[in-house]
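Chain identifiers are assigned alphabetically (A, B, ...) following the order of the sequence lines, protein sequences preceding nucleic acid strands; residue numbering begins at 1 within each chain.
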There are 2 protein chains.
Amino acid sequence: MANINEVAEVAGVSISTVSYALSGKRPVAPDTRRRIEAAVLELGYSPNAGARMLAGSRTQIFALTEPLRNDTHAPTHMSFVLATAIAARRNDYDILLLTDEQAQAGMSRVAANGLVDAILVLDVAPDDPRVALARQISTPTVFIGIPDDHDGLVCVDLDFEAAAARAVDVLVDAGHASIGLVGQTETAYVKSNFPPRVRASVLARAGERDADVAHGTSGIKHADRAWVRRTTGDLLAGGATALILHCSDEAHSAVLAEIESRGLRVPQDVSVISVGASFDTTALPVSVDSIPLVPQTSCDLAVELAIQALGPDRPEPGVRLIAPTYSPQGSVAPPATPSSETAAS
Amino acid sequence: MANINEVAEVAGVSISTVSYALSGKRPVAPDTRRRIEAAVLELGYSPNAGARMLAGSRTQIFALTEPLRNDTHAPTHMSFVLATAIAARRNDYDILLLTDEQAQAGMSRVAANGLVDAILVLDVAPDDPRVALARQISTPTVFIGIPDDHDGLVCVDLDFEAAAARAVDVLVDAGHASIGLVGQTETAYVKSNFPPRVRASVLARAGERDADVAHGTSGIKHADRAWVRRTTGDLLAGGATALILHCSDEAHSAVLAEIESRGLRVPQDVSVISVGASFDTTALPVSVDSIPLVPQTSCDLAVELAIQALGPDRPEPGVRLIAPTYSPQGSVAPPATPSSETAAS
DNA sequence: TTGAAAGCGCTACCAC
DNA sequence: GTGGTAGCGCTTTCAA
């Protein structure tokens, strides 16, 4: 591996000129620049990462803490890891992955040894232990998700509350007065921050709009197909004419299977809206209206904030909520049997 | 962040003694050592990562290249990423995650700038482009999986061929003469290295043992429940008295559902063996005999080889196959209707 | 527009 | 058993 001295020698300039030519932090004569670029190419030169870390003040590495617990929904979590990595690379950053117990221990470690410029936190629990860590260390930290206690933290997330409220509004506006919510696994309501937010918001908005809501989960630890079908059946039997789905890919398909097996059609007999899905709801057996959770959007913003935190004007602590978007797919219609005659008159 | 000078000052020793006390590369008097440790604790000292990289010759970072394509089975891939991270940390290494297009571009980059000591390759395709890259760079590279062209490479993997052959042997030994293989998705046979290896080995061994084999897949890109049930039905209708499953968690459960819905029992009417599963087959509706793929085993060995590659005696290039283990769960029995009377006599 | 040189914080060699 | 110090390869003043 060639170093900056060899490049300087070949190009016939000093090493500082090489450095400035490559960083662009100082104007370099066009001709000089060309000779340097030629030398770089010829030698296959690439600035040594360790030396840059030491001399410069940036490591060009972000830590990503993501426990990757095995009771989590792998595809969703993988999407976020991937989206974070993509967002980071767009800004010339690499991702150091801290999983398992290292999600916590590693955070302190890399903050202490200066391996990373900032830390991104995924899979945020309501009472996440990484909150306390983030407050102790001086390395800028951005949460993708909102812990209960987020005082002084920088957090980014989809506005799940608004998304849930919007779903209720759409259904009530269409004439539905009884709504079923097929939620996440029971574990998710304890270990994750957003399932309770969606549920609370659905209940609150339904209350405001005078609609009934019943809530069911999609399993214990993992989405359970039979469980989901039972939940769906119970909700429909309970009089729900519309369903809000806040659950996994497979759970969505189980819901649709149950609806179909009951001889019901979407949207004529049952209206369906998906909330917070990070997969393609148009690839389901029946296309479903969606207020999606787009990992790339959250992760792009998180990376942007992390980078901003390294500059002179650090971002204000606080929660940044991403406005939800509604993607209609024709899975919502007025109820077949209006719940009240007055509504139809 | 305190540096080594401050520690030396507080402890009343020279910085070299501090360095040696911490690395243990030179004997240090017990008393001196204690004073240094006290100073380290007091100052919260942690050696600067960049400085260590530059001065020492180790970065204590491995790159992990894993494309994380969205047509892959997320849970399996996540297990491997997690297992790699755990194995790495056990050896004081961190993992730099290279995904997406960075799985390739990043490999050259980190090899050139010396950010990592070695590279671990996951999700290996039969014609993986990272093979060519690995040959170009001087950074030690270990493949977890076996590309078609693996000349001169260090590869680690479960011995899928032996696992598949073993499954056939167990079934034939139990009296089965007609076996069905429920395989992976069609995409997997093109994009991954091991599905073809399992299929080929099942066919070959069945040929040697004079058993019939029929093969079906579990979907196009993603395991498709209805597809799997159809495949299963076809295999059973075709006369198979035993099934070898080399497919996802969900596909396993779909197979069992189809068997049950046909009024058949495991193992009385149908014997079942799972090959290369990295999930718990005893958690299925019916416990299934398994010759599992244990990510941690492969990843531990890969990390061990990577570390060895940094020392004086670099490992020989070549494929390291991990011997499969058979875990009986009572899902194999002699066929209900012996395929030949002679076998029963 | 360019160059010289002082570090950045360690590791490891050479002395004692 | 311990200390001094020369780098590691870069970034960034300070001078010209």
* Asked: Between the base of D/dT2 and the side chain of B/R26, is there any donor-acceptor pair under 3.5 Å?
  -> yes
* Asked: Nearest-Å distance, CG (B/L22) to P (C/dA12)?
  -> 13 Å
* Structure fact -> Taking for B/G12 and for A/P47 the nucleotide of DNA chain D with the nearest heavy atom, the one nearer the 5' end belongs to B/G12
* Heavy-atom side-chain proximity of B/R109 to B/N113 below 4.5 angstrom -> yes
* Asked: Within this structure, what is the CE-to-C1' distance between A/M53 and D/dC8, rounded to whole angstrom?
  -> 14 Å
* Asked: Is the distance from OP1 or OP2 of D/dT11 to the nearest side-chain N or O of A/S19 less than 4.0 Å?
  -> yes
* Spacing of B/L54 atom CG relative to D/dG7 atom P, expressed in whole Å -> 14 Å
* Any ion pair linking B/D149 and B/R135 (charged N to carboxylate O, less than 4.0 Å)? -> yes
* Distance check: side-chain N/O of B/Y45 vs OP1/OP2 of C/dC10, anything under 4.0 Å? -> yes
* Asked: Think B/S16 has a side-chain N or O under 4.0 angstrom from the OP1 or OP2 of D/dG3?
  -> no
* **Below 4.0 Å: OP1/OP2 of C/dA12 and any side-chain N or O of B/K25** => yes
* From C/dG3, C/dG9, D/dG4, pick the nucleotide closest to the side chain of A/V13? -> C/dG3
* Is the shortest side-chain N/O distance from A/T32 to OP1 or OP2 of C/dT2 below 4.0 Å? -> yes
* Does a side-chain heavy-atom distance below 4.5 Å link A/I95 with A/F62? -> yes
* How close or far is atom C1' of D/dG4 from atom CG of B/N5, stated in whole angstroms? -> 13 Å
* To do: Nearest whole angstrom, please: distance from the P of D/dC8 to the CZ of A/R52.
  => 19 Å
* Looking at side-chain heavy atoms only, is the closest gap between B/F80 and B/L64 below 4.5 Å? -> no
* With respect to the side chain of B/A55, which nucleotide from D/dG3, C/dT11, D/dG9 is positioned closest? -> C/dT11
* To do: Let me know, please, whether B/Y20 or B/A51 comes out on the 5' side of the other along DNA chain D by nearest nucleotide.
  => B/Y20
* Asked: Can we say A/R89 and B/D100 salt-bridge, meaning some charged N sits less than 4.0 Å from an Asp/Glu carboxylate O?
  -> no
* Asked: Rounded to whole angstrom units, what separation is found between the CZ atom of A/R58 and the P atom of D/dT11?
  -> 13 Å
* Value in whole Å for how far the C1' atom of D/dG9 lies from CG of A/N48 -> 6 Å
* Asked: Looking at five pairs on each end of the helix from C/dT1-D/dA16 to C/dC16-D/dG1, what is the angle between the two axes, given to 10 degrees?
  -> 40°
* For the side chain of B/Q296 and the backbone of B/A83, is there at least one donor-acceptor N/O pair under 3.5 Å apart? -> yes
* Structure fact -> Regarding the side chain of A/I4, the nearest nucleotide among D/dG3, D/dG9, D/dC10 is D/dC10
* Do B/S19 and B/I4 touch side chain to side chain, with heavy atoms closer than 4.5 Å? -> yes
* Structure fact -> From the candidates D/dC10, C/dT2, C/dC10, the one with an atom nearest any side-chain atom of A/T17 is C/dT2
* Structure fact -> A/Q60 CD to D/dC10 C1', in whole Å, measures 14 Å
* Indicate yes or no for a side-chain donor-acceptor contact from A/D159 to the backbone of A/A323 under 3.5 Å, with no hydrogens or angles considered. => no
